[in-house]
Amino acid sequence: KSGNASGLIFRCDKDMENMYTFRFLNPGMLEFAKWQNGSFASIEKWNADFSSDTIYNMKVTAVGNKFVFYINGEKVREVEDNSYKTGTVGLYCYREANSYDNMKVLKVEQAVN
């Protein structure tokens, strides 16, 4: 359905008011976005071919202000943003029924390889 979304949260503050998201949007879009003080702001959106009921491997490398996004091991976008330097990670789901498996978080020096 239009408006549904699911994906990753990263560099999230302890109050969940400020964070980045990398998410699938229906219909047929990927998005790098941020929440600032509880309000949503899209950083960049792009078209993507994906299907319901399909397993996708999502990956983000976040080094300084540079973010690289991958789907199934393929680099799909590289974006820079200076809003958040640190924070926790999590999963994002809005008006969707999803399952997540095998989440792994690595230190920057390990993730770059």
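Hydrogens, waters and symmetry mates play no part in the numbers below; they use all other heavy atoms, side chains included.
Note that CZ of Arg23 is 10.5 Å distant from CE of Met29, once rounded to the nearest 0.5 Å.
Residues Ala33 and Ser42 approach most closely at CB-CA, 4.0 Å, considering heavy atoms. The minimum heavy-atom distance linking Tyr20 with Ile43 is given by the pair CE2-CD1, 3.8 Å.
Summarising the local packing, NZ of Lys14 is surrounded by 12 or fewer heavy atoms from other residues, nucleotides or ligands at distances under 6.0 Å.
A donor-acceptor pair is defined here as one N or O able to donate and one able to accept, closer than 3.5 Å; such a pair exists between the side chain of Asp13 and the backbone of Asp15. The backbone N or O of Thr61 lies less than 3.5 Å from no partner atom in the side chain of Tyr70, so there is not a single donor-acceptor pair. Arg11 places a side-chain N or O within 3.5 Å of a backbone atom of Tyr84 that can act as its donor or acceptor partner.
Every side chain to side chain contact (heavy atoms under 4.5 Å, CB included) that Asn72 has, sequence neighbours left out, goes to Tyr56, Asn57.
Of the options Trp46, Phe32, Phe50, a ring pair (Phe, Tyr, Trp, His ring centres under 6.0 Å) to Phe24 is made by Phe50 and by none of the others.
Taken together through direct or relayed side-chain contacts under 4.5 Å among Ile, Leu, Val, Met, Phe, Trp and Tyr, Val89 and Val68 form parts of separate hydrophobic clusters. A chain of hydrophobic side-chain contacts below 4.5 Å, direct or via other Ile, Leu, Val, Met, Phe, Trp or Tyr residues, connects Ile9 to Phe40.
Within the 4.5 Å cutoff, the side chain of Phe67 has no heavy atoms near those of the Glu78 side chain. The closest side-chain heavy-atom distance from Leu30 to Arg77 is not below 4.5 Å. The side-chain heavy atoms of Ile71 and Met58, taken from C-beta on, include a pair separated by under 4.5 Å.
Here Lys66 does not pair with Glu80 in a salt bridge; the nearest charged N to carboxylate O distance is not below 4.0 Å.
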What verdict does the side-chain contact (heavy atoms from CB on, under 4.5 Å) test give for Phe69 and Leu8, after you've listed the backbone C-alpha separation in whole Å, the side-chain angles of each residue and the deciding distance to 0.1 Å?
CA-CA 11 Å; Phe69 303 98; Leu8 306 173; over 6 Å; no

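Using modelled atom types and a 3.5 Å distance limit, the side chains of Glu31 and Thr21 yield no donor-acceptor pair.
Aromatic ring pairs are classed by plane angle as parallel below 30°, tilted from 30° to 60° and perpendicular above 60°; the pair Trp35 and Tyr92 is tilted.
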